[in-house]
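Report on the structure given below.
Proteins get letters first, then strands, A, B, ... in listed order; numbering begins at 1 in each.
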Amino acid sequence: MSKLQSPRGTADLMPEDMAGHRHVIDTAKSCAGVFGFEEMATPIFEFTDVFARPLGESSDVVTKETYSFTDRGGEGLTLRPEGTAGVVRALISAGLTQTLPQKFYYQGPMFRYERPQKGRMRQFHQVGVELLGPTSPMADAEVIALGAMMLDQLGVLASCRLHLNSLGDAECRAAYRSALVAFLSGVKDQLSEDSQRRLDTNPLRILDSKDEGDRALIADAPLLGDYLNEASTAHIERVMEQLAAAGVAFERDPKLVRGLDYYCHTAFEFITSDLGAQGTVLGGGRYDGLAETLGGPNVAGVGWAAGVERLALLSGQAPRLDAPLVLIALPDAEGQMSTETQLFALANQLRQRGIRVEMPFSGNLGKQLKRADKLGARYVGIFGADEAAQKALVLRDMQDGSQTNLGLDAAVDHLSTLFQDQS
RNA sequence: GCGGGUGUAGCUCAGUUGGUUAGAGCGCCAGAUUGUGGCUUUGGAGGUCGCCGGUUCAAAUCCGGUCACUCGCCCCA
C-alpha cells in the first residue's frame, strides 16, 4: 500500500466518483433553472469576519471547525465552511440589494476541520440555492419545493423525510431561549456533560440531544411552538399550506434546531436513514438578519445547501461515457502504418460529429479487439492492407460477429447515422 | 477533541496452539491463436504482512507505541 495519500478528510474524485458527483450537480442546476435560480460562484476563501460574524462567534463551526490563516499581506482569511454567508456578501458587494429579489444557485467545495466519517469530509461539496429579498412565506415554500424536486429527480426523495419547524422571529426566539435556559438550569446537574456545555453555547441544540437522560428531561421542557408570536405562527402556517398544496410531504418537528445563529422562522432538513449518523441530506432555512449582520442593508433571505457526496452515495448509478467506435489499424501492403494515419483522419472527422472514437495505441488485431471489448464497443472498424487496396473499411458488429465492407467515401456519413440511431 | 473496530498483492480476502519458501479469487501481462474479442487452457509479473520498537532460537501471528482508514459521540451537508 502506498504511503502517498491525500490529506485526512480529503478525497480524490476518480472518474467513477466524479460521475456521481457530476450527476448530482447537473440535476441540481437543472432543477434550479426551472425555478429561475441562476448559477453564480463566490471565492473559496473570504475575510474571516464574513463567517465569524453571521455564524455566531461561539458556534462550533467557527470556534473549532474552520481552516483559518493569515496570508502574506497579513489578512485574516478563512476557507469557507458553508455557502450562504459568501453569497450574501457578494450580493451586497455587487450592489444587488437595490434590485431584489435575486435567486442564486451555487456549487463547490466547503471546508470544515472535523473528524471524518461516512458522508463527512474535511473538504466536501455542496449545492445550494439562496432566494434573497422576499419575506413572503411563498419564498420559503418555493425553495423547499425546489429541494424536493431535486431529491426526487436524484431518486432519493422516497427515502427521505422532510422535517420542518419555525424558530420564530428574533423577539420570540429570544423569549423562548430564556425560558428554555431557565428550565434547563434547574436540572443542570442531571444533564449530560455535552449538554451542560451547550447550555452556555447553544441551548436550543439540547433539544436534539441523543443522550437518553437528556431526552427524558427534555420531554417536560417548554415548547418553542408555545412562544411563537402571531406573525411567526402565520408565517409557518402559510408555508405548510403551500407545501401541502404543492404535494410536498413534511412533518412538523418542534425539536428541529439548526446550528447556525442566523436562522429565523422556517428551518427544515431532509433526513434519510440510509447514511448512519450523517442523515441530513439537505438543510436550510430563513435568515432575515444575515445581511445586516454583515454590515449591509436589511435583506431577507431563505435558502438551503445539500451535500453532494451524501447525495451521490444515495443516488446510485450515474451516466458514463457512451460506448465508443473502436478503429483498428493494421500494417499496409509495405508493412508500414500509413493505414494508421488514414484512420486517424477518419477518427477525427467522426469525433467532430460528436462520436466517441477510440484507437488502441498498440497491439495486434487480437489485442486490439480485446481492448475494444473492454471498452464496451458495439462496432469496430478494421483497416489494413486488404482494405486499403479496396478503399474500404471492415465494420465488425461485436454482438454477433458479423462483418461488412464499408466504402471509405461513405464511411463518415454511414457511421454518423449508425451512432445517432444508437443513442 | 473523546470512545470502539480494522490494517496481508491493484481489488476482495484466507493465513491453525508463534515454525522455515505468505496463499486464493478477481484484475493485469504473455503464450496456445503472426488478420479476429468474449469462453477455455498454460505460464508470468506483482508483497518493506501500515510503520517503529519489544518479547522469543523463531513474529503476518504475542506486547507497547505510532500512523492511516472506518464506525459512533460532538457538530453538521
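- Taking the charged nitrogens against the carboxylate oxygens, A/E358 and A/R356 do have a contact shorter than 4.0 Å, which makes a salt bridge.
- Per the geometry, CZ belonging to A/R371 stands 15 Å off P belonging to B/rG38, to the nearest Å.
- In this model, a side-chain donor or acceptor of A/R112 finds a partner on the base of B/rA77 within 3.5 Å.
- Contacts of A/L311 with the nucleic acid, taken as non-hydrogen atoms under 4.0 Å apart, are absent.
- Among the heavy atoms of the strands, none lies under 4.0 Å from A/G128.
- In this structure, A/R122 satisfies the cation-pi test against A/Y113, with its NZ or CZ atom closer than 6.0 Å to the six-membered ring centre and inside 45 degrees of the ring normal.
- In this entry the distance linking CG of A/L151 with C1' of B/rA77 reads 12 Å, nearest Å.
- Taking 3.5 Å as the limit, the base of B/rU36 and the side chain of A/Q368 contain no donor-acceptor pair of atoms between them.
- The base of B/rG1 lies outside donor-acceptor range of the side chain of A/E114, with no N or O pair under 3.5 Å.
- Contact detail for A/F37 and A/E130: the closest heavy-atom pair is CE2-O, 3.5 Å.
- Residue-environment remark: CD (A/E16) stays at or below the threshold of 12 foreign heavy atoms within 6.0 Å.
- Of the two residues near RNA chain B, A/G283 and A/G384, the one whose nearest nucleotide lies more 5' is A/G384.
- Look at the C1' atom in both B/rC28 and B/rC75: the space between them is 44 Å, to the nearest Å.
- Side-chain proximity of A/L365 to B/rA77, B/rG35, B/rG72: nearest is B/rG35.
- Residue A/R115 is classed as a base contact, given a heavy-atom separation below 4.0 Å to a base.
- Within the 4.0 angstrom heavy-atom criterion, base atoms lie near A/A385.
- Aromatic pair A/Y227/A/Y176: ring centres closer than 6.0 Å.
- With values rounded to the nearest 0.5 angstrom, A/Q368 atom CD is found 10.0 Å from A/L327 atom CG.
- Across all strands, A/E269 comes closer than 4.0 Å to no nucleic acid atom at all (heavy-atom distances).
- Ranked by how close their nearest RNA chain B nucleotide is to the 5' end, A/A377 and A/G307 are led by A/A377.
- If you measure from atom CE of A/M398 to atom C1' of B/rC39, you get 14 Å, rounded to the nearest angstrom.
- Here, B/rU12 and B/rG27 have their C1' atoms 11 Å apart, quoted to the whole Å.
- Going from atom CZ of A/R396 over to atom P of B/rG38 covers 11 Å, rounded to whole Å.
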- line: Its dot-bracket string being built from Watson-Crick and G-U pairs below 3.5 Å, with | for another strand and [ ] for crossing, RNA chain B has the pattern (((((((..((((.....[...)))).(((((.......))))).....(((((..]....))))))))))))....

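- With both ends at atom P, the span from B/rG50 to B/rG35 equals 47 Å, rounded to whole Å.
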task: Would you sort out whether A/R286 and A/T266 count as a side-chain hydrogen bond (donor to acceptor under 3.5 Å, both in side chains), showing the intermediate values?
output: CA-CA 5 Å; A/R286 179 164 277 282; A/T266 314; 5.1 Å; no

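- Here B/rA77 presents its P atom at 10 Å from OH of A/Y106, a figure rounded to the nearest Å.
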Anything under 3.5 Å between a protein N or O and an N or O of nucleotides 25-34 of chain B, put it in a table, one pair a line.
| from | atom 1 | to | atom 2 | distance (Å) |
| --- | --- | --- | --- | --- |
| B/rC28 | OP1 | A/K374 | NZ | 3.0 |

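- Using a cutoff of 4.0 Å between basic side-chain nitrogens and carboxylate oxygens, A/E46 and A/R80 are not scored as salt-bridged.
- Atom pair A/L330:CG and B/rG35:C1' shows a separation of 6 Å (rounding to whole Å applied).
- Salt-bridge annotation for A/D49 and A/R89: absent, with no side-chain N of the basic residue lying under 4.0 Å from a carboxylate O of the acidic one.
- Contact annotation: side chain of A/R310 to base of B/rC76, donor-acceptor pair present below 3.5 Å.
- Salt-bridge formation is detected for the pair A/K103/A/E142: a Lys NZ or Arg NE/NH1/NH2 atom is positioned less than 4.0 Å from an Asp or Glu carboxylate oxygen.
- Side-chain N/O atoms of A/Q117 include one lying less than 4.0 angstrom from OP1 or OP2 on B/rG72.
- Atom-to-atom, CE of A/M121 to C1' of B/rU70 comes out at 12 Å; the value is rounded to the nearest Å.
- Between the C1' atoms of B/rC29 and B/rU70, the separation comes to 34 Å (whole Å).
- Whole-Å rounding puts the A/Y113 OH to B/rC2 P distance at 11 Å.
- Heavy atoms of A/A372 sit nowhere under 4.0 angstrom from any nucleic acid atom.
- Between A/G303 and A/V143, the closest heavy-atom pair is CA-CG1, 4.0 Å.
- Nucleotides B/rU8 and B/rC51 have their C1' atoms positioned 14 Å apart, rounded to a whole Å.
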